[in-house]
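One structure is given here, and the rest of the page talks about it.
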Amino acid sequence: PAEIIDDGAVLLRGFATAEEQRWVAEVRVLQTQAAFRTMQVPGGKFMSVAITNAGGWGWISDLQGYRYSAADPQTGKPWPAIPAFLGEQAARAAALAGYPGFAPDACLINCYQPGARMGLHRDQDEHDFAAPIVSVSLGLPCRFLWGGLARQSPTRSLALTHGDVLVWGGSSRLVFHGVAPLKPGQHPLLGNERWNLTFRMAKARY
Ligand code: MD3
Ligand code: FE
């Protein structure tokens with residue numbers, strides 16, 4: 001059942017659990033082509049979350065800043081394509097949430113281990129903010145925080161668990177959001193990790 005958590009933001013609890021093995025297997029295959037790695041941020045520190053990408057465009061960070069790159073900076077090769085199953089599932093979730101015609105050209109995959117966190121930020125490196133973002137949580141649960149359109153807006157918090165899918169569109173597309181430090185635990189499929197996949201339209205028009 002779809003749950004509206006903010007203006008244009010829809011939570012599909014457990015959407016990915018029916019085919020959880022498939023989701024995990026697809027990401028494990030992607031790992032053999034583009035491994036999780038931590039990236040440096042412009043200030044010089046490293047993100048605590050390890051990342052990789054699939055799709056025509058991959059989100060990267062280095063001392064120069066944040067941007068989408070067609071190539072994996074670690075190998076110089078294109079990112080692996082978004083597997084058909086993952087792309088179809090993301091489009092199906094978007095349609096259920098009221099965003100038909102979602103065609104992601106980027107899938108950022110975040111890997112959290114205990115203590116890893118993501119500070120409050122907004123996703124603004126994409127060209128067309130009319131396109132929603134589809135976010136899929138796998139493995140250990142986390143506390144997800146989101147605020148409003150201003151960094152100072154009050155934040156709300158939500159427990160995201162294995163299989164949950166969030167679709168952010170409309171006036172929620174540019175809200176500030178982050179993830180609290182991951183608490184240690186053991187998940188039957190992912191051990192002490194949490195994976196988050198965010199499907200985006202980075203360069204394509206919606
Ligand atoms: C709200 N990832 O990769 S998912 C990110 O759990 C990111 O790894 C978090 O924020 C994670 O950029 C949060 C939920 C999410 C994803 C994208 C959004 C919320 C969003 C884009 C706009 C607004
Ligand atoms: Fe984000």
Side-chain angles (χ1 to χ4, degrees), residues 3-13 15-16 23 27 36-39 41 47-55 57-61 65-69 79 82 86 90 93-94 97-99 102 104-151 153 155-183 187 190 193-202 206:
E3 202 179 315
I4 294 163
I5 60 151
D6 206 345
D7 198 3
V10 178
L11 172 59
L12 305 167
R13 282 260 186 230
F15 177 89
W23 280 90
V27 175
F36 284 128
R37 83 295 300 269
T38 54
M39 285 196 182
V41 292
M47 294 173 57
S48 57
V49 178
I51 73 165
T52 188
N53 290 280
W57 297 98
W59 185 89
I60 63 168
S61 171
Y66 312 114
R67 64 197 173 278
Y68 282 93
S69 167
W79 300 102
I82 298 175
L86 297 185
Y99 301 97
F102 179 64
D105 58 4
C107 175
L108 170 63
I109 309 171
N110 297 322
C111 176
Y112 294 75
Q113 291 189 348
R117 59 186 288 277
M118 192 171 287
L120 214 60
H121 69 279
R122 56 180 172 183
D123 296 17
Q124 55 185 12
D125 300 324
E126 300 75 27
H127 282 176
D128 189 354
F129 299 138
I133 289 183
V134 174
S135 143
V136 182
S137 292
L138 299 170
L140 286 183
C142 78
R143 282 221 81 81
F144 170 74
L145 309 163
W146 85 103
L149 296 177
R151 185 174 286 281
S153 308
T155 56
R156 292 200 270 163
S157 118
L158 186 74
L160 287 182
T161 60
H162 177 72
D164 289 350
V165 174
L166 269 170
V167 182
W168 295 83
S171 40
S172 288
R173 175 61 182 77
L174 288 170
V175 299
F176 281 87
H177 58 277
V179 175
L182 193 75
K183 290 205 168 50
H187 185 273
L190 295 190
E193 295 183 340
R194 169 178 183 261
W195 294 352
N196 178 264
L197 288 73
T198 50
F199 296 87
R200 299 118 184 271
M201 291 176 70
Y206 181 52

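Position 1 is the first residue of the sequence; numbering continues from there. Values below: every heavy atom of this structure, side chains too, minus hydrogens, waters and symmetry copies. Only a predicted model underlies this, so the values are computations on that prediction, with no experimental measurement involved. Every number for a ligand or one of its atoms is a count from 1 in the order of the listing.
- Annotation: atom 22 (C) of ligand 1 to nearest protein heavy atom, Arg173 O, 3.2 Å.
- For ligand 1 and Thr198, the ligand atoms under 4.0 Å from any heavy atom of the residue are 3 (O), 16 (C).
- For atom 4 (S) of ligand 1, the nearest non-hydrogen atom of the protein is Ser135 OG, 3.1 Å.
- Remark: minimum distance from atom 7 (C) of ligand 1 to any protein heavy atom is reached at Met118 SD, 3.5 Å.
- Contacts between Arg200 and ligand 1, counted as non-hydrogen atom pairs separated by less than 4.0 Å, involve the side chain only.
- His121 places a side-chain N or O within 3.5 Å of a backbone atom of His177 that can act as its donor or acceptor partner.
- Counting only heavy atoms of the protein, atom 17 (C) of ligand 1 lies nearest to Asp123 OD2, 3.5 Å.
- Contacts of Ala9 with ligand 1, taken as heavy-atom pairs under 4.0 Å, are absent altogether.
- A search for salt bridge (charged side-chain N to carboxylate O under 4.0 Å, His left out) contacts involving Arg194 returns nothing, not counting sequence neighbours.
- Protein heavy atom in closest approach to atom 1 (C) of ligand 1: Trp168 CD2, 3.2 Å.
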Exercise for review: Begin from the C-alpha positions of Glu126 and Tyr68 and carry the test side-chain hydrogen bond (donor to acceptor under 3.5 Å, both in side chains) through to its verdict.
Suggested key: CA-CA 8 Å; Glu126 300 75 27; Tyr68 282 93; 2.5 Å; yes
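- Residue Ile133 has at least one heavy-atom neighbour below 4.0 Å for each of these atoms of ligand 1: 17 (C), 21 (C).
- With hydrogens and angles disregarded, a donor-acceptor distance shorter than 3.5 Å links the side chain of Trp79 to the backbone of Ser69.
- Counting heavy atoms only, Tyr112 comes closest to atom 8 (O) of ligand 1 of the residues Phe199, Trp59, Trp146, Tyr112.
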**Study point:** Residues Ser48, Arg117; criterion side-chain hydrogen bond (donor to acceptor under 3.5 Å, both in side chains); working and verdict
**Key:** CA-CA 6 Å; Ser48 57; Arg117 59 186 288 277; over 6 Å; no
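- For the Fe ion (ligand 2), the set of protein N/O/S atoms nearer than 2.8 Å consists of His121 NE2, Asp123 OD1, His177 NE2, ordered by chain and number.
- Atom 13 (C) of ligand 1 has its closest protein heavy atom at Phe144 CE1, 3.6 Å.
- Contact annotation: for Leu108 versus ligand 1, heavy atoms closer than 4.0 Å belong to the side chain alone.
- Of all the atoms in ligand 1, the ones that sit under 4.0 Å from a non-hydrogen atom of Ser172 are 23 (C).
- Atom-to-atom distance recorded for Leu108:CG and Ile133:CD1 is 9.5 Å, nearest 0.5 angstrom.
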Exercise for review: Before giving the answer on side-chain hydrogen bond (donor to acceptor under 3.5 Å, both in side chains), spell out for Trp59 and Asn53 the whole-Å C-alpha distance, their side-chain angles and the decisive distance to 0.1 Å.
Suggested key: CA-CA 7 Å; Trp59 185 89; Asn53 290 280; over 6 Å; no
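- By the criterion of a heavy-atom distance under 4.0 Å, the side chain of Arg194, and not its backbone, is placed next to ligand 1.
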**Study point:** Trace of the ring pair (Phe, Tyr, Trp, His ring centres under 6.0 Å) decision for Trp168 with Phe144
**Key:** CA-CA 13 Å; Trp168 295 83; Phe144 170 74; 5.6 Å; yes
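- When the shell of 6.0 Å around CG of Leu174 is examined, it contains more than 12 heavy atoms from other residues, nucleotides or ligands.
- Looking at Arg13, its side chain never comes within 3.5 Å of a backbone N or O of Leu160 through a donor-acceptor pair.
- Using modelled atom types, no side-chain atom of Tyr99 and backbone atom of Val167 make a donor-acceptor pair closer than 3.5 Å.
- If you check which protein heavy atom lies closest to atom 3 (O) of ligand 1, you get Asn110 ND2, 2.9 Å.
- Using a 4.0 Å cut-off between a side-chain N of Lys or Arg and a carboxylate O of Asp or Glu, Asp123 and Arg200 qualify as a salt bridge.
- The aromatic rings of Phe36 and Trp195 are tilted relative to each other, their planes meeting at an angle between 30° and 60°.
- Proximity of a side-chain donor or acceptor of Asp7 to a complementary backbone N or O of Ser172 within less than 3.5 Å is not detected.
- Within the 4.0 Å heavy-atom criterion, neither part of Arg122 lies near ligand 1.
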